[in-house]
Amino acid sequence: MSTATAGHHEPAAEYAVTGVPSYKLAMWTFLGSDCFFFGALIGTYMTYRGKSLNGPYPLDVFAPSVTSISTFDLLLSSLFMVLAVHYAKEKDIPKMTLWTLLTMLGGLIFLGFQAYEFSSFVEEGLTLKSNIFGATFFVLTGFHGAHVAIGVFLLGALLWSVRGGHVADAGITTEVIGLYWHFVDIVWILIFTLVYLLEFTK
Amino acid sequence: MANPAHAAPGEHAPHAGHGAPSQSWLMSWVMTSDHKRIGILYGLSALFFFVLGGIEALVIRTQLAAPGQHIVDAATYNALFTMHGTTMIFLGVMPMSASFFNYLIPLQIGARDVIFPRLNAFSFWLFLIGAIVLNVPFILTPFVDMRVIPDGGWFGYATLTEKAYTPGASIDFWICGLQILGVASMAAGFNFIVTIFNLRAPGMTLLRMPVFTWMTMVVQFLVVLSFPCITIALVLLMFDRLFGTHFYLPEGGGDPLLWQHLFWLFGHPEVYILILPAMGIVSEVLPTFARKPLFGAPFVIFSGITIGLLGFGVWSHHMFTTGLGAAADASFSVTTMLIAIPTGVKIFNWLATIWGGQIRLTTANLFALGFVCMFTMGGLSGVMHASPPVDLQQQDSYFVVAHFHYVLFGGAVFGLLSGIYYWFPKMNGGFLSESLGRWIFGILFVGFNTTFFPMHIVGAAGMPRRIFTYDAGLGWEIPNLIETVGAFTIAVGVLLFIIDLLRSIGRTDGKAGPNPWDASSLEWITESPPKVHNFDITPTVYSDRPVWEKNHGPGPGYALAAVDEHIHIPPPSLRPLMLAMGVGMFFISWLTAGQFFMFGAGMSIVALGAILYSSFSWFLEPGH
Amino acid sequence: MLAFRSSTARLLSAGPLLTAFVACLLLVGCGNADSTNIADSMNTLVGHSDLTKNILDIYGTIFWIDTFLFILVQGVLIYAVLKFRARGDEKTLPEQVHGNLQMELGWTIAPVFILMLIAIPTVSFIFESQAPAGKDAIVVNATGKQWWFKFGYPGYGFETANELHVPAGRQVDLRLQSDNVIHAFWAPQLTAKRDMMPGRVNHITFTADRAGTYLGQCAEYCQDSHALMKFRVVVDSLEDFEKWAAHQKEGVPEAEAKSAGFEAFQGATCVACHAISGTSAQAAIGPNLTHVGSRTHIAAGVLENNEANLRAWLKNPDAVKPGSKMPNLNLSDEQITTLVSYLQSLK
């Protein structure tokens, strides 16, 4: 890969006209694209909100306390991510490693909560097929979960390559993955508000 | 790029270009990450699929030459028009535009390659896999006892595309192919946006960029922002077909209108994805052959951006007949009319560009002038169905078929042909035949209008689209016969063009020189064809017409500072192809899951493994 | 706004002029607005209802604006190419004009005014044409099927297929729906076009201005026999319409319900899909056949309703309409003969 690659011993993005490192610019562009991706999914959910012809309905299955804990956990992981980026820029690799691991742990716990939530919903009769709420809910939150899983994987790959010396500038690489992580987190706040909290506002 | 670890000081030659001695000719193309070679690969693939889509069109026209014909049966006809549309849009015009992006953007901004050359190769291979998935059903058909050729129309409206109404695998192939093409396009989109922002030569500010580069950037933004919408639309359709959800089925609480919203939220920007590159090409060709600058270049650029932005606010004008309600119809009608303003600005600026010039009627310029002429026609008929009442008569009639062929054939394809004649000497070193080129232009211009002008009439006479046969006595016979004659005239023109192209590819005697047309942008300072690394020395730019001003004044145009540069070109790699195959396999696994669920599920796990393996080995590959 | 519209209409007299234009191009001789030839009734440039006439007014406005702009642009283009063509002996470069702000602003702003000429009648038409139907409008439920049209008259309590009867001079409220894929209802001279969307009801309200028979066709791709999904609209005088409706409402006489023909109808399992009111046949999958003998066409406007065509249709529906949902029942020639004469008797 050319200039801005995080690969072999190259000063990252030494040739960026805008001053924004190319990987970072690419990530921002990707996140812009991802906004439309989630926009379409959330739009679908909101269009079909309350249109189920039969139950289970959202209030039949939602357990707000459980989801609040997993939301808090994901928010916390974003804080860890900030610290990981900070130490990566300080070139303090042991501390960066610690906070990255904690971020990954936060992501994994969130995924665990999601797996628990999905299976309990299925037990209560909510499936992809059961009604339009089930279909939109599982597809939206499932795609978000896939984003979290990819984030965890990216963080793992980051740790492995930083510690293996495959990345020249850990600061920028960590920051770029951090951008992704925060984005996925923000999307969850949106989902948590529109999908869960909105049901309890009457 | 500079890399002290790999290049000796002062070394100018690329040290790892394509065609290393150990590589065969074939492998040097398969493993290439050179933007120029990828551009040529895109161009040749596009040409192949353009011909395939053209053959489909000829069968369609033969069927409709006279009323009541049964040259193909209804089901085959429906598959043919579906594949004609899908092929021309996704496998013809888009990759032909991509061919120009790839070949020209680094040259026009004074860069040695795109920012991520191997991602670029990945985009191409993934595009090719998607194109094969879409077309492989033609070969499969005799061997299976279900419908496999996509037959839901290029717009794939639910509920028709649902399992209940199209039970075979035809829609599954279509979904899979489009998903793959979407990933390929988006990957290329990120690549080019970053390239244009970050790899410009010193001094090339945004407003000094050639208009073609500008239009490319607008197109890439449209791609990365609009393709997610169709990705989701297709995912939901796939869930309906595979897992029994009811996203588009009213009996389960869904709504087929959601498909149309998501599809056209992609589909309308897609129209500008198809036409803006051609507008960029014409904005290069007309000034060059008038020996004048583009009139009001900033206006042309901002019009392009405005068209792109408005493109996201007009999608429902494809849905005036669906009953959205008066308020929605009215507002989408007005936003649609607004698009006529920046489009008109472009046309007037092009006219003002040639006004007072010294117009050389080369083949490239003929096609560019033909573009202005035909696109105006398509634009004006577009204003008609921007008005919902008129649209209520014209929608889904042959009038609309005439309209968008004037935009996409008379517009986009003529623009692309202009670009081919214009840049062919840069790519090849020798020219395409100018004398034959004039004939080809004449034949295509006449053939095009013979084919598509009567469609206005037959559409106004009430002939609906997508009908495999029609009755005599409705006044449709004569226009249809004329259209078919026109279609075969176009075929003759295309055939002559391909003969000339194949004949000329061999003649790389370099007689064109670096700047045969006395043009103005940076690609014309490179050799024809350019070296692997494009520029020995990165130019410093002082003008929006650097090469012209260097030759004719008044400013210096550009300068080649004698800086000590180390040129690094990434080595050939198989990883992009491997990753593309992994990603392709992942999507194909969902396609097979439509018929063999467990097999598909297993295959998707294998595909994920392949993706992981190829991306890790990509990452660890030395020398990039 | 109506005043504006009709004055432009007079000014441009768009309908007849355009029709003449198209007629010339079609080489079909005279296709004037008063033509009663059914073969001309797909022509969108003639209107025979309030709805389609108003559409034509707007179309006329845009047509002339477009024609003006087309001639302007092509004229300038051709003139420029001829006048400024390089002769090869130029000693100097042309003047390097980079732009002209006044001119560019001019041709950015001028189109706004031109577009307003289109937008104002357009928007007012949208709201007028989508206003709810009047109370005395005749309601027809039109349902798109693969590949035929079902017409139900809830105010009269009967159902028919593929031939829609409406009175002239009375408002009609068409309620378009579908229970399968999307179709579109398009009788160009009466109703313009609206989609029949599964899961929702769309409206067309129109008043036909004179009696006559008009063609229509499905305009949304709906698979195999989309091309063969046609219908007719018969516009009657109010009196004739009421007579027709009263007759439609009657079922077949009791005697006929026990005839040999009906037995054949039962025996051939036609009853599984079709209804004939007044008999035990009450299925609603295929078209209602109560008065099928009185319809001019069969198979959704594809074949004339005569003995030979009915025979061909019953023999192998798929050969007439690819993908037809009516199965080939492998009827014997005798069965077909009995059925044909029975169906033809259902006037």
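Reminder, nothing fancy here: chain letters follow the sequence lines and each chain counts from 1. Heavy-atom basis, side chains included; hydrogens, waters and symmetry copies ignored.
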Problem set entry | Interface moiety of Trp259(B) toward chain C, non-hydrogen atoms closer than 4.5 Å | neither
Problem set entry | Carboxylate-amine/guanidinium proximity below 4.0 Å for Lys325(C) and Asp224(C) | no
Seminar exercise, completed: When the 4.5 angstrom heavy-atom criterion is applied to Val334(B) and chain C, the contacting part is side chain
Exercise. Of the options Phe375(B), Phe371(B), Phe299(B), Trp355(B), which is the one that meets Trp350(B) in a ring pair (Phe, Tyr, Trp, His ring centres under 6.0 Å)?
Worked result: Phe371(B)
Exercise. Ring centres of Tyr406(B) and His403(B) under 6.0 Å apart?
Worked result: no
Exercise. Contact part of Asp255(B) toward chain C, heavy-atom cut-off under 4.5 Å: side chain, backbone, both or neither?
Worked result: side chain
For this session: Check step by step if side chain to side chain donor-acceptor pair (under 3.5 Å) holds for Gln393(B) and Trp186(C).
Result: CA-CA 8 Å; Gln393(B) 292 288 28; Trp186(C) 188 29; 2.9 Å; yes
Problem set entry | Residue among Ile65(C), Val123(C), Leu77(C), Leu215(C) with most heavy-atom pairs under 4.5 Å to chain B | Leu77(C)
Exercise. What part of Ala158(B) gets closer than 4.5 Å to chain C, counting heavy atoms only: side chain, backbone, both or neither?
Worked result: backbone
For this session: Would you mind telling me which of Ala297(B), Gly356(B), Gly459(B), Ser397(B) has the largest number of heavy-atom pairs within less than 4.5 Å of chain C?
Result: Gly356(B)
For this session: Name the region of Ser333(B), side chain, backbone, both or neither, that has any atom closer than 4.5 Å to a heavy atom of chain C.
Result: side chain
Seminar exercise, completed: Okay, Thr166(B) and chain C: the region with an atom under 4.5 Å from a heavy atom over there is both
Exercise. Out of Leu361(B), Thr469(B), Asp73(B), which one racks up the most heavy-atom pairs below 4.5 Å with chain C?
Worked result: Leu361(B)
Problem set entry | Side-chain heavy atoms of His297(C) within contact of Leu303(C), under 4.5 Å | no
Seminar exercise, completed: Whatever's closer than 4.5 Å to a heavy atom in chain B on Ala119(C) counts as both
Problem set entry | Engaged part of Ala386(B) at the chain C interface, taking heavy atoms whose separation is under 4.5 Å | neither
Seminar exercise, completed: Note: Thr205(C) and Ala133(C) closest approach over all heavy atoms is CG2-CB, 3.3 Å
Problem set entry | Residue part contacting chain B, namely of Arg87(C), when any heavy atom lies under 4.5 Å | neither
Exercise. Can you say whether Glu95(C) sits under 4.5 Å from chain B via the side chain, the backbone, both, or neither, judging by heavy atoms?
Worked result: backbone
Exercise. If you count heavy-atom pairs under 4.5 Å between each of Pro298(B), Ala75(B), Gly325(B) and chain C, which one has the most?
Worked result: Gly325(B)
Exercise. Without hydrogens or angle criteria, can the side chains of Asp518(B) and His552(B) be said to hold a donor-acceptor pair below 3.5 Å?
Worked result: yes
Exercise. With only heavy atoms counted, which part of Leu294(B) is less than 4.5 Å from chain C, the side chain, the backbone, both or neither?
Worked result: backbone
For this session: Under 4.5 Å heavy-atom distance to chain C, tell me which part of Asp391(B) shows up: side chain, backbone, both or neither.
Result: backbone
Exercise. Could you name the residues of residues 173-182 of chain C that have a heavy atom within less than 4.5 Å of a heavy atom in chain B?
Worked result: Asp179(C), Asn180(C), Val181(C), Ile182(C)
Exercise. Would a 4.5 Å heavy-atom cut-off, applied to side chains only, mark Phe348(B) and Glu104(C) as touching?
Worked result: no
Exercise. Quick one: do the Thr321(B) and Asp195(C) side chains pair a donor with an acceptor below 3.5 Å?
Worked result: yes
For this session: Look at Pro464(B), Pro389(B), Ala74(B) and state which one has the largest set of heavy-atom pairs under 4.5 Å with chain C.
Result: Pro389(B)
Exercise. Checking heavy atoms, do the side chain of Pro198(C), its backbone, both or neither come under 4.5 Å from chain B?
Worked result: both
Exercise. Crowded around Phe127(C) CZ? As in, over 12 foreign heavy atoms under 6.0 Å?
Worked result: yes
Exercise. Any ion pair linking Asp396(B) and Lys193(C) (charged N to carboxylate O, less than 4.0 Å)?
Worked result: no
Problem set entry | Which atoms of Lys230(C) approach chain B - backbone, side chain, both or neither, heavy atom under 4.5 Å | side chain
Seminar exercise, completed: Ala187(C) and Val233(C) have their tightest heavy-atom pair at CB-CG2, 4.0 Å
For this session: Please state whether the side chain, the backbone, both or neither of Tyr470(B) comes within less than 4.5 Å of a heavy atom of chain C.
Result: neither
For this session: Provide the closest heavy-atom pair for Gln358(B) versus Thr92(C) in the form atom of the first, atom of the second, distance.
Result: NE2-O, 2.8 Å
Exercise. When you look at CD of Glu90(C), are more than 12 heavy atoms from neighbouring residues, nucleotides or ligands closer to it than 6.0 Å?
Worked result: yes
For this session: Can you tell which part of Glu162(B) gets under 4.5 Å to a heavy atom of chain C, answering side chain, backbone, both or neither?
Result: neither
Problem set entry | Modelled atom types, side-chain donor and acceptor of Arg545(B) and Gln96(C), under 3.5 Å | yes
For this session: Give the minimum heavy-atom separation between Asn202(C) and Thr322(B), together with the two atoms involved.
Result: ND2-O, 3.0 Å
For this session: Name the region of Ser129(C), side chain, backbone, both or neither, that has any atom closer than 4.5 Å to a heavy atom of chain B.
Result: neither
Exercise. Among Gly88(C), Pro111(C), Ala184(C), Pro188(C), which has the most heavy-atom pairs under 4.5 Å with chain B?
Worked result: Pro188(C)
Problem set entry | Smallest separation among heavy atoms of Gln74(C) and Cys373(B), with atom names | NE2-O, 3.0 Å
Exercise. Once the angle between the rings of Phe81(B) and Tyr77(B) is folded into 0 to 90°, is it parallel (under 30°), tilted (30 to 60°) or perpendicular (over 60°)?
Worked result: perpendicular
For this session: Under 4.5 Å heavy-atom distance to chain C, tell me which part of Tyr157(B) shows up: side chain, backbone, both or neither.
Result: side chain
Exercise. In terms of heavy-atom pairs under 4.5 Å, which option from Gly473(B), Ala164(B), Gly462(B) contacts chain C the most?
Worked result: Gly462(B)
Exercise. Between Glu220(C) and chain B, which part of the residue has a heavy atom less than 4.5 Å away: side chain, backbone, both or neither?
Worked result: both
Problem set entry | Pairs of heavy atoms under 4.5 Å with chain C: top-ranked of Ile347(B), Val372(B), Leu257(B) | Leu257(B)
Exercise. Checking heavy atoms, do the side chain of Phe289(B), its backbone, both or neither come under 4.5 Å from chain C?
Worked result: neither
Seminar exercise, completed: If you tally heavy-atom pairs under 4.5 Å between each of Gly323(C), Ser41(C), Ala219(C) and chain B, the highest tally belongs to Ala219(C)
Exercise. Side chains of Thr362(B) and Asn365(B): do they bring a donor and an acceptor to under 3.5 Å?
Worked result: no
Seminar exercise, completed: Sorted by chain and number, sequence neighbours left out, ring-ring contact (aromatic ring centres under 6.0 Å, His included) with Phe206(C) holds for none
Exercise. Going by atom types alone, do Asp329(B) and Gln130(C) pair a side-chain donor with an acceptor below 3.5 Å?
Worked result: yes
Problem set entry | Contact origin within Ile354(B) toward chain C - heavy atom pairs under 4.5 Å | both
For this session: Please name the pair of heavy atoms, one in Pro342(B) and one in Ser303(B), separated by the smallest distance, quoted to 0.1 Å.
Result: O-CB, 3.5 Å
Exercise. Which residue out of His226(C), Lys83(C), His98(C), Gln189(C) racks up the most heavy-atom pairs below 4.5 Å with chain B?
Worked result: His98(C)
For this session: Tell me, out of Leu101(C), Ile62(C), Thr191(C), who's got the most heavy-atom pairs with chain B below 4.5 Å.
Result: Ile62(C)
